[in-house]
Amino acid sequence: MRRSSILLLAGLALSLPSEVRGQDIASMVVRVQADGGPVADVPVVVFQQGDRRVLATTEASGLAVVDLGRSRLLAGSSVSAYSAQCAESIEVMLVPAGGDLPVMGDACSLTALGSLTWGQDERLLVVLGEEPAMRATASEQVRTSGTGFRFQIGPVVSAPSGSELSGISSGFGGELQLGADGASGLGAGAGVGYTQHSLTGADESMSHLSVFVEPRFSFNMDRPGVRPYVAGRVGYVVFDPEAGAGLLKETGLAFGGGAGLVFPAIGSTMVDLWTRLTAVNVDVDGFDRSGVDWRLGGSLRF
């Protein structure tokens, strides 16, 4: 049971990120205009480590849709924008902040426009003329994605260990959690977990119920894509042997924490892959015993 359950959850952890990886790719709409009108045939170019790559070219409307995944720029990184003009040709050039600039000939000019955040700013307006300028904006959806109320549910493997809990094998079950996360990254939740365990050297089984509260802090809340987080956990636990096992119900407390990764999935649904490690202390009729409980889970988050 211990080996098969852990392998099942480990397989889930390895497979899901590759399936949702495409959701990290965002698009940015670039509009180029001059004298109040659209400018067509302006390439949007990324220049990085000496490599020049055309990501999109404006249409008659002055609009171009840039697939951010076509570049090697990191989501969340700062990017400087320039207007590069040579004789009759002009292009919008994007360069990683602090990166090397292209070498321009005597007949060319390179004008700094400003900076934007790759993967967060979804609209870029470039105004050409004697004093070129730009304005980058992020949508409300990008800024607030993954914030507010959440409900998540999914499978979990529980592995009690320590000399005083060594007779309880790893168990498989599920967890449900209700919570809320703010744009600052701070969040809190409360939930319940239930797993079923076998007892070493016996045919009987034991249930493990955990009711918990969980503060957490998430990173990268200001951009789409993968969001790691760290969490604490305080819980009330119940180890309840099945009828006829000749054992008594044990209750106690668990303290600890862990970390996880949240991936965008479909629409507003996300996938939360997580692990928790808590110190457990239970007692019955004045007899105490303690150990640790390692949990590995995967949740669908709505």
Side-chain angles (χ1 to χ4, degrees), residues 14 16-34 38-59 62-139 142-143 145-146 185 218-228 261-264:
L14 291 173
L16 280 175
S18 62
E19 295 173 4
V20 301
R21 184 170 182 265
Q23 300 294 328
D24 294 349
I25 298 174
S27 295
M28 178 173 63
V29 177
V30 179
R31 177 179 176 85
V32 181
Q33 64 182 48
V39 181
D41 301 323
V42 176
V44 180
V45 177
V46 164
F47 185 83
Q48 184 178 25
Q49 297 177 345
D51 180 30
R52 178 182 178 277
R53 178 177 300 182
V54 177
L55 300 183
T57 303
T58 59
E59 303 289 343
L63 296 175
V65 179
V66 174
D67 182 355
L68 304 186
R70 292 187 57 202
S71 76
R72 294 193 298 271
L73 299 175
L74 296 176
S77 63
S78 180
V79 175
S80 299
Y82 298 84
S83 64
Q85 187 168 1
C86 297
E88 299 300 323
S89 66
I90 190 168
E91 62 186 26
V92 175
M93 184 165 290
L94 305 173
V95 181
D100 295 333
L101 299 178
V103 177
M104 309 295 292
D106 294 338
C108 301
S109 63
L110 191 66
T111 304
L113 301 176
S115 62
L116 57 98
T117 303
W118 202 250
Q120 174 182 334
D121 294 316
E122 67 165 11
R123 294 184 178 90
L124 176 63
L125 171 65
V126 176
V127 180
L128 304 176
E130 293 184 2
E131 297 183 1
M134 61 161 274
R135 184 173 72 248
T137 59
S139 70
V142 168
R143 289 194 298 268
S145 177
S218 301
F219 302 90
N220 301 334
M221 294 297 289
D222 60 346
R223 63 180 178 86
V226 179
R227 288 174 178 161
L261 293 173
V262 175
F263 300 85

Query raised in the report: Which pairs, with at least one residue in residues 126-137 and sequence neighbours excluded, count as a salt bridge (Lys or Arg N to Asp or Glu O under 4.0 Å)?
Result: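 Pairs touching residues 126-137 that pass the test: none.
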Could you pull out all donor-acceptor pairs under 3.5 Å where a side-chain atom in residues 42-58 meets a protein atom, sequence neighbours excluded?
residue : atom : partner : partner atom : Å
D51     : OD2  : R72     : NH2          : 3.3
R52     : NH2  : E91     : OE1          : 2.6
R53     : NH1  : R70     : O            : 2.5
T58     : OG1  : V39     : O            : 3.1
T58     : OG1  : D41     : N            : 3.0
T58     : OG1  : V42     : N            : 2.8

Query raised in the report: CE/M28 to CG/L68 distance, rounded to the nearest 0.5 angstrom?
Result: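 Nearest 0.5 Å value for the CE-CG distance: 6.0 Å.
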Query raised in the report: About how many Å separate CD of Q85 and OG1 of T111, when rounded to the nearest 0.5 Å?
Result: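 T111 atom OG1 to Q85 atom CD measures 8.0 Å (nearest 0.5 Å).
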Report task. Taking the side chain as every heavy atom from C-beta outward, state whether Y82 and P102 have any pair of such atoms under 4.5 Å apart. Result ->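 SC-SC contact between Y82 and P102 ruled out.
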Query raised in the report: Going by heavy atoms in the side chains, are L63 and P38 under 4.5 Å from each other?
Result: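 With C-beta onward as the side chain, the pair stays apart.
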Query raised in the report: In this structure, which one of L124, V126, L128, V127 forms a side-chain contact (heavy atoms from CB on, under 4.5 Å) with L113?
Result: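 Filter result, single survivor: V126.
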Query raised in the report: Of the non-hydrogen atoms in S115 and M134, which two are nearest, and what is the gap between them?
Result: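 Smallest heavy-atom distance, with atoms named: O-CE, 3.7 Å.
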Report task. For residues A97 and S80, report the shortest heavy-atom separation together with the two atoms involved. Result ->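 Heavy atoms of A97 and S80 come nearest at CA-OG, 4.0 Å.
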Query raised in the report: According to the disulfide (SG to SG under 2.5 Å) rule, which pairs have a member within residues 74-127, sequence neighbours left out?
Result: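 Residue pairs with at least one partner in residues 74-127: C86-C108.
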